[in-house]
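Here's the structure we're looking at; comments come further down.
Chain letters run A, B, ... following the sequence lines, proteins first, then strands; residues in each count from 1. Computed from heavy atoms alone, side chains included, the values below leave out hydrogens, waters and symmetry copies.
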2 protein chains.
Amino acid sequence: MNNQNIISKAIRFHRKKSGLTQKQLAEIAGVGKSVIFDIENGKETVQLDTLLKILGALNISFRLESPIIHLMETENEKS
Amino acid sequence: MNNQNIISKAIRFHRKKSGLTQKQLAEIAGVGKSVIFDIENGKETVQLDTLLKILGALNISFRLESPIIHLMETENEKS
DNA sequence: AGAAATTTACTGCTATAGCGGTACTAATTA
DNA sequence: TAATTAGTACCGCTATAGCAGTAAATTTCT
């Protein structure tokens, strides 16, 4: 399961759980209905801001993870 | 700090930590050099697959988070 | 089954993302 | 200081993302 599939699945899952149609979600997120359909069907070339609008409308957040990412926060204390 | 800024900062941080130039990262990720520059400077309209290539090249993963997302995994056991 | 709602699947159109090339401007290093 | 490297900032070009509209297919509900 790659990242796009996870995203597709998560969006469809949360949309259904929220009782929204694709059209309704599109309106809430402020994007076209075609994009909802495309993303839910695994389209890999969505724009990040479009995706974030949809995730936001469904109250899905995301976090980046890496072995050293915690260093990034403490780096700001050097000022 | 919005989502795009988090991504921008994380990419630049990890790239520097990896000792890569923008051009080198672009080559490793298989994208154009302009995109690395744009993303690091907060461009909000990147394509998801482009972003994922870059994150992948830097060994950054991301995970979706929501109050009910754990239900999605167990949902697959109903087949 | 039939009706209504939803999803899927196209269409043409416009705006723009990503590309490599070039050039100027920092930084970095000798 | 001079030379090299890296980053920033444009350019024109091509491919395509996102859009609304339409309609067929599928699902849902009575």
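Regarding A/Gln22, its CD atom lies at a distance of 11 Å from the P atom of C/dT6, rounded to whole Å. In this structure, the CD1 atom of A/Ile54 is 14 Å from the P atom of D/dA17, given to the nearest Å. In this structure, CD of A/Glu40 is placed 12 Å from C1' of C/dT6, rounded to the nearest angstrom. Spacing between atom CG of A/Leu25 and atom C1' of D/dC19 amounts to 16 Å, rounded to whole angstrom units. Atom-to-atom, CG of A/Leu20 to C1' of C/dT6 comes out at 13 Å; the value is rounded to the nearest Å. The CZ atom of B/Arg12 sits 14 Å away from the P atom of D/dA6 (whole-angstrom rounding).
Each end of the helix from C/dA1-D/dT30 to C/dA30-D/dT1 gets its own axis, taken as the rotation carrying the C1' atoms of four end pairs onto the next four within a five-pair window, and the two axes meet at 60° to the nearest 10 degrees.
Between B/Asn59 and A/Pro67, the shortest heavy-atom distance links the atoms O-CD, 4.2 Å. Taking each heavy atom of A/Ile54 and A/Ala29 in turn, the nearest pair found is CA-CB, 3.9 Å.
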Its contact letters, B for base, S for sugar-phosphate only and - for none at protein heavy atoms under 4.0 Å, make nucleotides 17-30 of chain C read SSSBBB--------
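A donor-acceptor pair is defined here as one N or O able to donate and one able to accept, closer than 3.5 Å; such a pair exists between the side chain of A/Gln24 and the backbone of A/Thr21. With hydrogens and angles ignored, the 3.5 Å screen pairs no side-chain donor or acceptor of B/Thr50 with any backbone N or O of B/Val46. Formation of a donor-acceptor pair under 3.5 Å by the A/Ser66 side chain with backbone atoms of A/Ile68 is found in this model.
One finds no side-chain N or O of A/Lys23 lying less than 4.0 angstrom from the OP1 or OP2 phosphate oxygen of C/dT8. OP1 or OP2 of C/dT7 has at least one side-chain nitrogen or oxygen of A/Arg15 nearer than 4.0 Å.
Note: B/Leu48 CG to A/Asp49 CG = 11.0 Å, rounded to the nearest 0.5 Å. To the nearest 0.5 Å, the span separating CZ on A/Phe13 from CG on B/Leu64 amounts to 12.5 Å.
Side-chain contact between B/Ile69 and A/His14 is present, with at least one heavy-atom pair separated by less than 4.5 Å.
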- [ ] Test A/Glu40 against A/Lys9 for salt bridge (Lys or Arg N to Asp or Glu O under 4.0 Å), laying out the working first.
- [x] CA-CA 7 Å; A/Glu40 288 191 358; A/Lys9 293 257 166 59; over 6 Å; no
